[in-house]
Amino acid sequence: MRGATILGTGRALPPRVVTNAELTALMDTSEEWIVQRTGIRERRFVDPGTGASDLGAEAARVAIERAGLTPKEIQFLVFATLSPDLFFPGCGVLVQEKLGMDTIGALDVRTQCTGFLYALSVAEAYVKAGFYDHVLVIGAEVQSTGLELSTAGRDVSVIFGDGGGAVVVGPSEPGKGILSSHLHSEGKHARELMVEAPASIEHPRISKQMIDDRRHLGFMNGRSVFNHAVRRFPEVIHEALAGNGLSVSDLSVVIPHQANLRITQAVAKSLGVPPEKVFSNIEKYGNTTAASVPIALDECVEEGIIREGDLVCLAAFGSGFTWASSLIRW
Ligand code: UT7
């Protein structure tokens, strides 16, 4: 079977920077609390009228160009987001339209913080199997329109930010590119990190009462998420290495989902690698869920942190709970 590799990467961050100081003016929080507990100093929020599909399309344009392709040469696309422009249809079809692509298949993935890695695994499988030669993979989020910017929502709202990232996956020689993907879920924790409404289980799906009860806003049991994350990240990275007969010492860089700087530091410690081997940019963008891994990957490529021949491990953990890794020989 042929291999599958990343041919180009791109990212899109809204220009509007929101500092911790700005949030401090809106709720009972402090610069010190946010930086100490999360590592975040600022994040980006979109201006009204910009959706996840816009950020995704912008990142995709860059990734396609860097892959040396045009949108017409993309044969399939996968879009991961928890914050779609519409309840349905998903963002994939919106990107197909925005980029003027042919009437290709457009698949939406809803596994939240691990969405990009699930989406990447779909592209990997299609390309390795010879179904398609060029698959676009996007992770993009607009979190800011779903945040409660007041003291009642402070545990969630200081963490999240908006952004988009994309890659193009294409064929490679075997043993080069994406070596393997490892995907997991444990639905018994579904309600530990969720947005409940609109909910098809309710009649009607959304009501004034539900809004008054704040059921349309994010709920997070931060401690539980934290404790599972620090266990699952190293576990799924070790799984990827073992599956390829490799070890931690072979790793050039780990790019984890940017959930919290303390989680990233705990991952480095648990793996026994120096902190600088585990990439972090959370201080600039906050947690952008499905967008964080492709944004970080694009920055690593641009800054020369990843070079040809490097062994790169992407890893993520989040709502579901879901967790995943992808091991790449660059
Ligand atoms: O992408 C995956 C999704 N999410 C994550 O990965 C998040 C994982 N969890 C975390 O990152 C951390 O649990 C948080 C950053 C969310 C919270 O940190 P923590 O150290 O677990 O704090 P805590 O929830 O135990 O709260 C400690 C205190 C509480 O006050 P009391 O009960 O000790 O008086 C909170 O009410 O901090 C309070 N608090 C805040 N104070 C100031 C909660 N949010 C804030 C805030 N500013 N924004």
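We count ligands from 1, going down the list as the structure has it; atoms in each ligand are counted the same way. The structure presented is a predicted model; accordingly, all values stated were derived computationally and were not measured.
Asp108 contributes a side-chain N or O that, together with a main-chain N or O of Cys91, makes up a donor-acceptor pair within less than 3.5 Å. Side chain of Arg214 to backbone of Ile211: no donor-acceptor contact under 3.5 angstrom is found. Judged purely by atom type and a 3.5 angstrom limit, Ser319 has no side-chain atom pairing as donor or acceptor with the backbone of Gln112.
Glu124 and Ser121 share no donor-acceptor pair across their side chains, judged by distance under 3.5 Å alone.
Taking every heavy atom of Asn260 and a limit of under 4.0 angstrom, the matching atoms of ligand 1 come to 10 (C), 11 (O), 15 (C). Counting atoms of ligand 1 from 1 in the listed order, those under 4.0 Å from a heavy atom of Ile263 are 6 (O).
At a heavy-atom cutoff of 4.0 Å, ligand 1 is contacted by the side chain of Val158 but not by its backbone. For Met27, no heavy-atom contact with ligand 1 is shorter than 4.0 Å. Within the 4.0 Å heavy-atom criterion, the part of Ile159 lying near ligand 1 is the side chain and not the backbone. At a heavy-atom cutoff of 4.0 Å, ligand 1 is contacted by the side chain of Arg262 but not by its backbone.
Inclusion of Gly222 in the set of residues having an N or O under 3.5 Å from an N or O of ligand 1 is warranted. The N/O atoms of Thr289, backbone and side chain alike, include none that comes under 3.5 Å of an N/O atom in ligand 1. Residue contacts with ligand 1: Ser30 is placed with no nitrogen or oxygen under 3.5 Å of a nitrogen or oxygen of the ligand (distance criterion only).
Counting only heavy atoms, the protein gets under 4.0 Å from atom 6 (O) of ligand 1. Less than 4.0 angstrom separates atom 33 (O) of ligand 1 from none of the non-hydrogen atoms of the protein. The presence of a protein heavy atom under 4.0 Å from atom 14 (C) of ligand 1 is ruled out. Distance check for atom 46 (C) of ligand 1: a protein heavy atom is found below 4.0 Å. Atom 30 (O) of ligand 1 is not flagged as protein-proximal [any protein heavy atom, distance under 4.0 Å]. Per-atom contact check: atom 24 (O) of ligand 1 does not touch the protein, criterion being a heavy-atom distance below 4.0 Å.
Counting only residues at least two apart or in different chains, ring pair (Phe, Tyr, Trp, His ring centres under 6.0 Å) contacts with residues 216-237 comprise His189-His228, His228-Phe321.
A salt bridge is absent between Glu42 and Lys284; no separation between the charged side-chain nitrogens and carboxylate oxygens falls under 4.0 Å. One finds a salt bridge joining Glu186 and Arg232 here, because a Lys/Arg side-chain nitrogen approaches an Asp/Glu carboxylate oxygen to under 4.0 Å.
Between Arg41 and Val35 there is a side-chain heavy-atom pair separated by less than 4.5 Å. Between Cys113 and Thr322, the closest side-chain pair of non-hydrogen atoms is not below 4.5 Å.
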Enumerate, atom names and distances included, each donor-acceptor pair closer than 3.5 Å involving a side-chain atom of residues 159-168, sequence neighbours excluded.
from: Asp162; atom 1: OD1; to: Gln143; atom 2: N; distance (Å): 2.6
from: Asp162; atom 1: OD1; to: Ser144; atom 2: N; distance (Å): 2.9
from: Asp162; atom 1: OD2; to: Val46; atom 2: N; distance (Å): 2.8
from: Asp162; atom 1: OD2; to: Ser144; atom 2: OG; distance (Å): 2.6

